[in-house]
Amino acid sequence: MTEKKPTLYLIDASSYMYRAFYAMRQRLTAPDGTPTQAVYGFHQMLQKVLKDKRPERICVVYDPPGPTLRHAIYPDYKATRERMPEDLVVQVPLIKRMVDLLGIPSVEITGYEADDVIAALARKAVEAGMPVVIVSGDKDLHQLVREPHVIQWDPQRDEVFTGETVERKLGVRPEQVRDLLALMGDSSDNIPGVAGVGLKTAQNLLRQFGSLDQVLSRVEDIQSPALRKKIEEGKEAALLSRDLVTVREDAPVALEPDQCVVRPADTKALVEFFQSLGFRRFLDELAREAGDQALAAATEAPERRDRLVTDEKGLSLVLARIAEADVLSIDLETTSQDAMRADLVGVALCWKDHEAAYIPVGHTGEDAGQQIPPARTLDALRPLLEGDRPKKVGQNIKYEWVVLKRHGVELQGIDFDTMVASYLLDPGNPSHRLERIVAEHLGESKLRYSDVAGSGRNQIPFAQVPLEKAVDYACSDAETTYRLVPVLREKLQEAGLLDLMESLERPLIPVLARMEHKGIRIDAARLQELSKTLEEGLRKEEEVIHQIAGGPFNIQSPIQLRDVLFGKLQLPVIKKTKTGPSTDMSVLEELAALHPIAEHIVAYRSLAKLKNTYVDTLPKLIHPETGRIHTSYNQAVTATGRLSSSDPNLQNIPIRTEEGRRIREAFVPEEGCVLLAADYSQIELRIFAHYSGDERLVAAFSEGADIHRRTAAEMFGVPPHEVTPEMRRQAKTINFGIIYGMGPYGLAKQLRINQASAKAAIDRYFATYQGVKRWIEQVVEESRKRGYAETLLGRRRYLPELKSRNRNVRQQGERLAVNTTIQGTAADLIKKAMIDIDAAIRQEGLRTAMLLQVHDELVFEVPEDELDRVRTLVKDLMENVHPLSVPLVVDMGWGANWAEAHG
DNA sequence: AGGGATACGTAC
DNA sequence: GACGTACGTATCCCTC
């Protein structure tokens with residue numbers, strides 16, 4: 001009997017430095033500005049290894065600076081690699097210091113790459129009877145895998161590479177990996193391989209011959225003459241490549257596997273180190289492990305008392321506790337991100353700091369055991385959920401509302417949403433996920449979904465997560481959310497945003513939830529007919545295009561289209577994209593004058609777009625139970641305060657072309673109802689007029705003039721009735737252009753006039769409406785001073801661009817300041833109108849439902865007998881949503897479908 | 001095979 | 001480089 005030796009973990013440092021550096025989208029810096037994301041990521045990887053495996057033997061292996069043996073064999077080795085980015089270079093010594101402070105042994109040998117050192121250490125370990133785990137995601141290291149002694153593991157993706165998994169991934173056994181790479185080459189390391197041999201061919205060869213040596217010595221046995229020729233010609237390259245990819249085992253490593261023992265960490269120095277880097281999050285972990293009472297008291301939160309509730313007794317205990325609470329944080333665990341399709345898996349609740357419970361109701365894992373059924377759980381919770389008290393808080397609690405509603409519970413008393421709060425504090429931030437919010441506002445790290453359910457291919461549904469982990473995860477989310485509430489509320493208060501939250505965004509949550517839950521009816525048969533028509537049109541256009549081009553090609557491929565237009569047909573390049581000549585609409589419009597193919601491509605594209613994006617897609621999204629389409633309105637996406645719609649996006653349904661309108665004909669009301677559409681007329685220009693106080697602009701709106709005609713008349717100095725359609729078109733373009741901060745260049749392009757005329761037109765516009773110019777300058781200046789643009793109801797968007805020393809960036813900031821003030825104010829107003837209308841509908845007990853919001857338009861499903869009342873009510877509430885110095889005007893239409901409602 | 005980047009196009 | 005805010009689809013490329 002032999003004594004069982006501890007496993008040696010060998011960590012491939014470089015691969016994790018690079019991965020951590022590139023994986024983190026957000027740039028992380030220490031207080032002094034040093035970039036730190038690679039240090040952070042590396043630490044997380046190390047912690048995962050340490051926590052998951054508690055290794056008794058471990059060693060971090062670095063790549064040495066300077067050339068290695070492989071460069072001596074082949075000067076071009078890794079020649080295509082860019083040098084290490086400067087921002088990463090400065091982090092390498094920090095990582096090394098951190099590893100040292102953590103007490104983890106490490107090694108670096110001049111002239112030998114980390115791979116070789118790992119191989120040498122692995123050999124020593126195996127000889128000593130010690131199992132080895134190579135910690136790396138690199139495929140080059142697959143060649144070292146020898147079960148059962150040596151396996152490879154990638155902690156970040158939680159992937160284990162055994163002989164079997166390597167074979168599944170690469171199609172060859174680990175010992176054949178080097179031959180595989182020798183044949184196919186590796187572009188990232190600039191390994192040539194055999195020209196014309198890729199992964200598939202290399203796999204087939206090795207399957208047939210077993211090894212590269214056999215391939216080369218029995219080259220005459222290769223069936224295909226072409227391949228035989230490639231191999232014969234590529235022999236030298238293959239042998240050289242094999243030398244390069246083969247990991248050597250002879251690196252002069254003095255370190256013995258038994259010496260790779262973790263020493264005690266230098267806690268004091270680590271604390272300072274983490275503090276200097278601003279890693280507050282790691283400090284509490286450190287404290288816990290170090291057992292340092294003083295440090296722990298300062299940084300560590302008391303143990304959370306999570307309860308797993310699986311029986312009636314536990315349930316009533318929790319209910320009793322919550323009954324005394326003021327605030328209840330709710331986090332539902334479900335089977336889907338889509339609230340309309342999600343089934344309940346569990347309910348996490350937190351009602352007090354460090355007091356949370358998880359009630360599993362749909363777990364299917366082996367240990368799921370007894371659970372209280374969903375219906376029973378919800379019935380028990382119903383009085384709490386449907387009452388005003390306790391106050392409900394959550395992270396994107398609209399999701400909870402919709403899921404609960406589908407399960408027969410109508411959530412009441414919504415008091416706070418951490419996602420929405422985070423959004424109001426900084427709408428320019430692209431993420432308002434709990435994980436990020438917690439990091440920013442609590443300075444903590446959070447258990448991630450991948451920590452309990454795995455990641456990548458290994459990820460399992462939450463229902464299969466063992467209860468013990470599920471409790472931990474769900475309760476930590478509920479509790480984190482609970483603790484965020486006062487912090488975020490305070491920050492909103494400080495920023496003067498609390499009123500916006502409480503009077504606008506919070507009341508909007510149930511309104512949006514009701515809209516999503518209600519959905520809109522679609523006439524699928526009508527779309528199917530339309531699909532056939534479009535199909536026919538596409539076929540015809542395709543035939544014509546292929547004929548003109550002199551052969552078939554994929555019109556939908558910009559690359560192939562490029563070859564045809566600018567290669568075969570020699571048409572002039574109008575505009576370039578990053579990768580080559582552009583083929584977009586504006587280019588094709590210009591080319592139409594030169595060649596008939598252009599307009600056919602435009603027609604083809606337009607038909608394909610309609611068919612693929614709308615006509616064929618919408619029917620697939622009809623909900624099996626409701627028979628309707630349920631979009632999701634996101635309240636925390638846009639930088640300006642607008643809503644966005646997704647899954648599907650119902651805010652970009654076509655309207656401008658005839659075929660497009662046909663799609664709106666398929667949006668229909670329920671029997672006995674009509675669709676009512678109410679849209680704000682020129683809301684952004686009216687807001688512009690209000691803010692600028694420009695007399696002429698205000699007068700135009702006050703008199704109910706046709707604003708574009710009026711603008712044309714004033715700019716061109718003619719009476720309104722003499723304005724030609726062309727003059728009106730130009731004025732309209734300018735009116736919109738001004739809102740977006742369009743310059744002479746953009747206007748010239750849009751109007752197809754020269755830049756001088758465009759500039760003259762803009763000058764004339766500003767001369768006509770002098771208040772506009774003044775206001776633009778003023779809003780830019782105020783925004784710069786404040787650091788953010790502000791809307792009518794106090795919404796902010798931070799604009800650091802305004803202080804940039806780069807003129808382009810600064811001008812961009814100026815356009816954003818103007819546009820955000822206008823667009824954001826329009827968003828404020830329609831949101832308030834939605835709240836008011838929803839309240840009135842409920843107050844009056846109407847059966848009318850608000851279905852859609854499209855930025856300046858609301859769509860309702862109205863029972864015929866309510867139409868008169870609802871028309872009046874909607875128009876009145878929208879137009880009087882907030883007093884401005886110009887009237888707000890709402891146009892309304894109704895009918896048997898959305899197209900008709902726009903009549 | 002599938003994720004990410006790119007190009008394009010729809011809405012307001 | 002030049003006009004703001006979104007989302008979705010198809011293609012292409014690569015797999016740190």
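Here is the naming used below: chain letters follow the sequence lines, and residue numbers restart at 1 for every chain.
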Can you list everything that forms a salt bridge (Lys or Arg N to Asp or Glu O under 4.0 Å) with [X]? Sequence neighbours excluded, please.
| X | result |
| --- | --- |
| A:K749 | none |
| A:R686 | none |
| A:E599 | none |
| A:D115 | none |

Residues at least two apart in sequence or cross-chain that pass side chain to side chain contact (heavy atoms under 4.5 Å, CB included) with A:D763, listed by chain then number, are A:K759

Give the dot-bracket string for DNA chain C, reading 5' to 3', where a pair is Watson-Crick or G-U wobble with both distances under 3.5 Å, ( ) marks pairs inside the strand, [ ] marks pairs crossing earlier ones, | marks a partner on another strand, and . marks unpaired.
...||||||||||||.

Strictly under 3.5 Å: I want the nitrogen or oxygen pairs between protein and nucleotides 9-12 of chain B, one per line.
{"residue": "B:dG9", "atom": "OP1", "partner": "A:R605", "partner atom": "NH1", "Å": "2.6"}
{"residue": "B:dG9", "atom": "OP2", "partner": "A:M585", "partner atom": "N", "Å": "3.0"}
{"residue": "B:dG9", "atom": "N3", "partner": "A:K609", "partner atom": "NZ", "Å": "3.0"}
{"residue": "B:dT10", "atom": "O2", "partner": "A:N652", "partner atom": "ND2", "Å": "2.8"}
{"residue": "B:dA11", "atom": "OP1", "partner": "A:I655", "partner atom": "N", "Å": "2.7"}
{"residue": "B:dA11", "atom": "OP1", "partner": "A:R656", "partner atom": "N", "Å": "2.9"}
{"residue": "B:dC12", "atom": "OP2", "partner": "A:R656", "partner atom": "NH2", "Å": "3.3"}
{"residue": "B:dC12", "atom": "O3'", "partner": "A:D856", "partner atom": "OD1", "Å": "3.1"}
{"residue": "B:dC12", "atom": "O3'", "partner": "A:D856", "partner atom": "OD2", "Å": "3.3"}
{"residue": "B:dC12", "atom": "O2", "partner": "A:R642", "partner atom": "NH1", "Å": "2.8"}
{"residue": "B:dC12", "atom": "O2", "partner": "A:R642", "partner atom": "NH2", "Å": "2.9"}

Under the ring pair (Phe, Tyr, Trp, His ring centres under 6.0 Å) test, which residues partner [X], sequence neighbours left out?
| X | value |
| --- | --- |
| A:F42 | none |
| A:Y614 | none |
| A:F766 | none |

Which residue pairs satisfy the salt bridge (charged side-chain N to carboxylate O under 4.0 Å, His left out) criterion with at least one member in residues 645-654 of chain A, sequence neighbours excluded?
none

For nucleotides 12-14 of chain C, tabulate all protein N/O to nucleotide N/O atom pairs closer than 3.5 Å, reporting atom names and distance.
{"residue": "C:dC12", "atom": "OP1", "partner": "A:S557", "partner atom": "OG", "Å": "2.6"}
{"residue": "C:dC12", "atom": "OP1", "partner": "A:Q560", "partner atom": "NE2", "Å": "3.4"}

So, does A:S582 get its side chain near the phosphate of B:dC8, meaning an N or O under 4.0 Å from OP1 or OP2?
yes

